[in-house]
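Reading through the structure tokens given below for one structure.
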Number of protein chains: 2
Amino acid sequence: MHEEIKDILKRNNLSVTGSREKILSLFLSKAGALAHGDIEKKAGEKFDRVTVYRTLQTFVDKGIIHAIPTADNSIRYALCKDDCSGGHHHDHHIHFVCNHCGNTYCLDDVVTPEVRLPNGYTTSQIEVVVEGTCKACNK
Amino acid sequence: MHEEIKDILKRNNLSVTGSREKILSLFLSKAGALAHGDIEKKAGEKFDRVTVYRTLQTFVDKGIIHAIPTADNSIRYALCKDDCSGGHHHDHHIHFVCNHCGNTYCLDDVVTPEVRLPNGYTTSQIEVVVEGTCKACNK
DNA sequence: TAATATTTTGCAACAATGTTGCTTTTTTCC
DNA sequence: GGAAAAAAGCAACATTGTTGCAAAATATTA
Ligand SMILES: [Mn+2]
Ligand SMILES: [Mn+2]
Ligand SMILES: [Zn+2]
Ligand SMILES: [Zn+2]
């Protein structure tokens, strides 16, 4: 596990530092997405608030994580699939926010649907966020 | 025009006040959505910042406007169609953010697409935000 | 219309979130 | 191990959002 983290950092030409290891480990040990606040709380005792911001920004720039926009206006982040490396994001999946447990998941197998726009509009990206009750909470 | 504003407020059991008239007029005179910041700037000389927040919240509660989540995490608001009144929102349209002019539009004629979720998930709401270049900017 | 009850506003104070410059520390590379 | 480069910490600040309360405006009733 620990080696995997170093691998990810090196693969992205990032130096291996405590905060990066810590924050990356948070993502790897959690299925869903993490809100900025969660990360700050869990990493914040050991690392400065500013460092958390800069680390997350670095990870987004490198294509290691991606931001998920939600209705309550609190950014969440989740790990990208491997083919996002290099600063270009290719996340063609949708996101699911559970109103019951509050978790946010990447539904990697659900492809973003086609959207027929009126004439004149051109598309560069489509974001789909579904709200509802997740698998675990429906049991 | 001014009578229309009063009508909307009265229909929603809201008392007619300066800030509500002003903010509502901003929405009626603009095709697209307004960011909170825009509203604060345009209404802020005359009204307190807190009043702007409370007015927008009131409008959302009443179903006069709805919030649009965007990737840059700045809430935008747009007028609801008439059938939203009463605090229940029924906005089954998608939103379009133009990367060129920065405007955000409700595409009222584009119905939210069906999304096939994995077994176990249940849906209560679907948000679709498309980014690209708008009609006006493509000309 | 005037008096009263209700609602809204502004203000102040505060909390939370995000940003920047600069110095010190850590990491990388030779 | 030492030099160069990168990251972290710190402090200060800016922006955004929230709350309680007194004053003002609006609605209601007589
Ligand atoms: Mn995702
Ligand atoms: Mn809309
Ligand atoms: Zn759940
Ligand atoms: Zn445009």
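Just so it is clear: chains get the letters A, B, ... in the order the sequence lines come, proteins before strands, and each one is counted from 1.
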Indicate every side-chain donor-acceptor pair of residues 114-122 of chain A with a distance under 3.5 Å to a residue at least two apart or in another chain.
from     : atom 1 : to       : atom 2 : distance (Å)
A/Thr122 : OG1    : B/Asn138 : ND2    : 3.1

Kindly state each residue pair satisfying salt bridge (Lys or Arg N to Asp or Glu O under 4.0 Å) with at least one member in residues 98-109 of chain B, sequence neighbours excluded. B/Lys81-B/Asp108

Mind checking side-chain hydrogen bond (donor to acceptor under 3.5 Å, both in side chains) for A/Ser15 and listing every partner two or more places apart, or none if nothing turns up? A/Arg20

Extract, from 5' to 3' on DNA chain D, the first and final nucleotides lying under 4.0 angstrom from some heavy atom of chain B. D/dT16 to D/dA27

Using rotation axes that map the C1' atoms of four end pairs onto the next four (five pairs an end), what angle separates the end axes of the helix from C/dT1-D/dA30 to C/dC30-D/dG1, to 10°? 40°

Which is true for A/Ser19 with a 4.0 Å heavy-atom rule: it touches a base, it touches only sugar-phosphate, or it touches nothing? sugar-phosphate

With B/Arg76 via salt bridge (Lys or Arg N to Asp or Glu O under 4.0 Å) - residues at least two apart: B/Asp72

Taken to the nearest whole Å, NZ/B/Lys22 to P/C/dT9 is 15 Å

Residues 124-131 of chain B side chain polar contacts: donor-acceptor under 3.5 Å, at least two apart:
from     : atom 1 : to       : atom 2 : distance (Å)
B/Ser124 : OG     : A/Asn99  : ND2    : 3.4
B/Ser124 : OG     : A/Glu131 : O      : 3.4
B/Glu131 : OE1    : B/Asn99  : ND2    : 3.4

B/Ile75: partners by side chain to side chain contact (heavy atoms under 4.5 Å, CB included), with sequence neighbours left out: A/Asn73, B/Ala67, B/Tyr77

What one-letter contact string describes nucleotides 18-30 of chain C from 5' to 3', where B marks a base within less than 4.0 Å of any protein heavy atom, S marks contact via sugar-phosphate atoms alone, and - marks no contact? BBBB-----SS--

Counterpart residues, side-chain hydrogen bond (donor to acceptor under 3.5 Å, both in side chains), relative to A/Thr133 (two or more places apart): none

Whole-Å distance, B/Phe59 CZ to C/dT8 P, equals 11 Å

Please determine, by modelled atom types, if B/Asn103 and B/Lys30 share a side-chain donor-acceptor pair under 3.5 angstrom. yes

Name each donor-acceptor pair under 3.5 Å that joins a side chain in residues 32-42 of chain A to protein atoms two or more places apart or in another chain, with its distance.
from    : atom 1 : to      : atom 2 : distance (Å)
A/His36 : NE2    : A/Glu40 : OE1    : 2.9
A/Asp38 : OD2    : A/Ala35 : N      : 3.4

Name all pairs fulfilling the side chain to side chain donor-acceptor pair (under 3.5 Å) condition that reach into residues 44-53 of chain B, sequence neighbours left out, sorted by first residue then second. none

